Amino acid sequence: MEMKTEILPTSDEKSIEKAAALLQNGELVALPTETVYGIAADARNGEAVKKIFVAKGRPQDNPLIVHVTGPEMLPGLVSEVPERAQLLMAAFCPGPLTIIMPRGPEVAAECCAGLDTVGIRMPSHPVARAVIEKSGCAFAAPSANLSGKPSPTNAQDVFTDMDGRLPLILDGGECDVGVESTVVSVVGEKPTLFRPGHITLEDLERALGEEVEVSKAILEKLPEGAVVRSPGMKYKHYAPKADVTLLDGTFEQFKAYVDAHAEQNPSCLCFTGEAEKLGVPCVEYGREGDGADQAKHIFRCLRALDEQGDAVVYARCPQKDGLSMAVYNRLIRAAAFRVIKL
């Protein structure tokens, strides 16, 4: 199913019109959001949504997030808007937050992977919002990468994965946040964090005025065959071709470990300013202790390892709280849960 993939600048009104027309006609469009680039299809059109899974090579049991401009678009997409969802929308929307709610009758079944819930997000990125407004379509959109690869944060990385798989990529430059949205469920007894992101656990608890449970799947491996309520909970994800291992310890311990394994010709994924002290090929993914800086660069850096052709990569372990939780969550999946305590 080879097609020509066009890249258009988002500064041109005609680009937005073209994207809107494609969505209305059941086609796919890749576009920027504040988190990462996504592949959009009309969320009410099951045949269109199926094309996303084909383009990505994505398993059907992985649900998709539905993007809208605001609460006015929710009727039909959700069957109710729980009070907790209202609190969260007031605090964080539009923004990098996905709220899992009871699904409504108009969402294509293909978005929900057989679940009775749907993830809803209100992006703040002007291009994503303009395309929704122009098309009138709530769109389902996962990240615009081949399934299992690092998510793309610029149009060129989308093109690398998606050339010939969809008709249009809107180029809106680099994404601000760099990791996918925080996913929180307000269905059930307690609110539950399913995927960490730019909006932290602490942010959610402050807005809700109550404790938010953290899904086990965030920091550890899910059992085989587990049902997932959120994207990004699967086993190996966001992964470069290299074998990545996270090393949890101080810089001195990290350097000693890398030096001791020199025969593997390893490369390193390290913090800003550390490369020159390591004496092996390195990619720096952000300042130590600065979760926002790391989040912005982590996926581009994982792709850079592939571009260098690295086979064995040792990665500095970020902190596991606040915004760093999102980075740690992506890295342990890129590393297929290989973590060595130093």
Side-chain angles (χ1 to χ4, degrees), residues 1-60 62 64-67 108 110-111 123 125-180 231 237-241 299-307:
M1 180 194 92
E2 204 53 25
M3 63 174 84
K4 183 148 168 34
T5 299
E6 197 176 11
I7 303 182
L8 294 177
T10 55
S11 49
D12 184 358
E13 183 61 29
K14 285 203 172 58
S15 306
I16 305 293
E17 283 170 15
K18 181 158 192 177
L22 283 165
L23 283 181
Q24 288 167 336
N25 291 324
E27 293 299 334
L28 304 181
V29 177
L31 45 72
T33 76
E34 69 276 27
T35 56
V36 298
Y37 275 68
I39 299 179
D42 179 356
R44 291 179 170 87
N45 178 340
E47 291 307 308
V49 173
K50 276 183 194 157
K51 292 179 184 176
I52 294 177
F53 292 93
V54 175
K56 280 180 66 77
R58 180 185 177 98
Q60 295 280 351
N62 208 348
L64 301 177
I65 291 165
V66 176
H67 296 64
E110 288 79 1
C111 295
H125 197 289
V127 173
R129 297 182 69 78
V131 170
I132 298 170
E133 279 163 12
K134 182 65 91 180
S135 65
C137 298
F139 63 69
S143 53
N145 52 306
L146 288 170
S147 200
K149 294 251 309 245
S151 302
T153 53
N154 61 53
Q156 190 52 53
D157 287 344
V158 178
F159 188 75
T160 300
D161 280 16
M162 289 295 145
D163 184 21
R165 290 168 172 265
L166 47 76
L168 177 63
I169 300 169
L170 292 180
D171 184 353
E174 284 287 338
C175 298
D176 281 344
V177 174
V179 293
E180 302 86 348
H237 217 63
Y238 316 119
K241 294 190 190 84
F299 286 140
R300 174 88 285 281
C301 291
L302 288 171
R303 284 181 175 260
L305 298 173
D306 271 354
E307 287 156 15

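Numbering starts at 1 and runs along the sequence shown. Note that these values count all heavy atoms, side chains included, but never hydrogens, waters or copies made by symmetry. Everything numeric here is computed off the predicted structure, so don't read it as measured data.
- With sequence neighbours excluded, the residues forming a side-chain contact (heavy atoms from CB on, under 4.5 Å) with A108 are V49, E110, C111, listed by chain and number.
- For the side-chain hydrogen bond (donor to acceptor under 3.5 Å, both in side chains) test, residues two or more places apart in sequence or in another chain that qualify with N145 are K56, S143.
- Residue pairs meeting the salt bridge (charged side-chain N to carboxylate O under 4.0 Å, His left out) criterion with at least one member in residues 136-159, sequence neighbours excluded: K149-D161, D157-R300.
- A ring-ring contact (aromatic ring centres under 6.0 Å, His included) check over residues 133-161, counting only residues at least two apart or in different chains, returns the pairs H67-F139.
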Check step by step if side chain to side chain contact (heavy atoms under 4.5 Å, CB included) holds for H237 and N62. CA-CA 12 Å; H237 217 63; N62 208 348; 4.3 Å; yes
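- With sequence neighbours excluded, the residues satisfying salt bridge (charged side-chain N to carboxylate O under 4.0 Å, His left out) with R44 are E106.
- A48 meets the side-chain contact (heavy atoms from CB on, under 4.5 Å) test with A41, N45; sequence neighbours excluded.
- For K50, the side-chain hydrogen bond (donor to acceptor under 3.5 Å, both in side chains) partners are E47, not counting sequence neighbours.
- Scanning for side-chain hydrogen bond (donor to acceptor under 3.5 Å, both in side chains) contacts around E6 gives K18, with sequence neighbours left out.
- Residues in residues 126-139 take part in no side-chain hydrogen bond (donor to acceptor under 3.5 Å, both in side chains) pair, two or more places apart or across chains.
- Residue pairs satisfying the salt bridge (charged side-chain N to carboxylate O under 4.0 Å, His left out) criterion with at least one member in residues 24-40, sequence neighbours excluded, are listed as follows: E27-K51, E34-R121.
- Looking only at side-chain heavy atoms (C-beta outward), Y238 and E180 come within less than 4.5 Å of each other.
- Side-chain contact between L28 and L22 is absent, with no heavy-atom pair separated by less than 4.5 Å.
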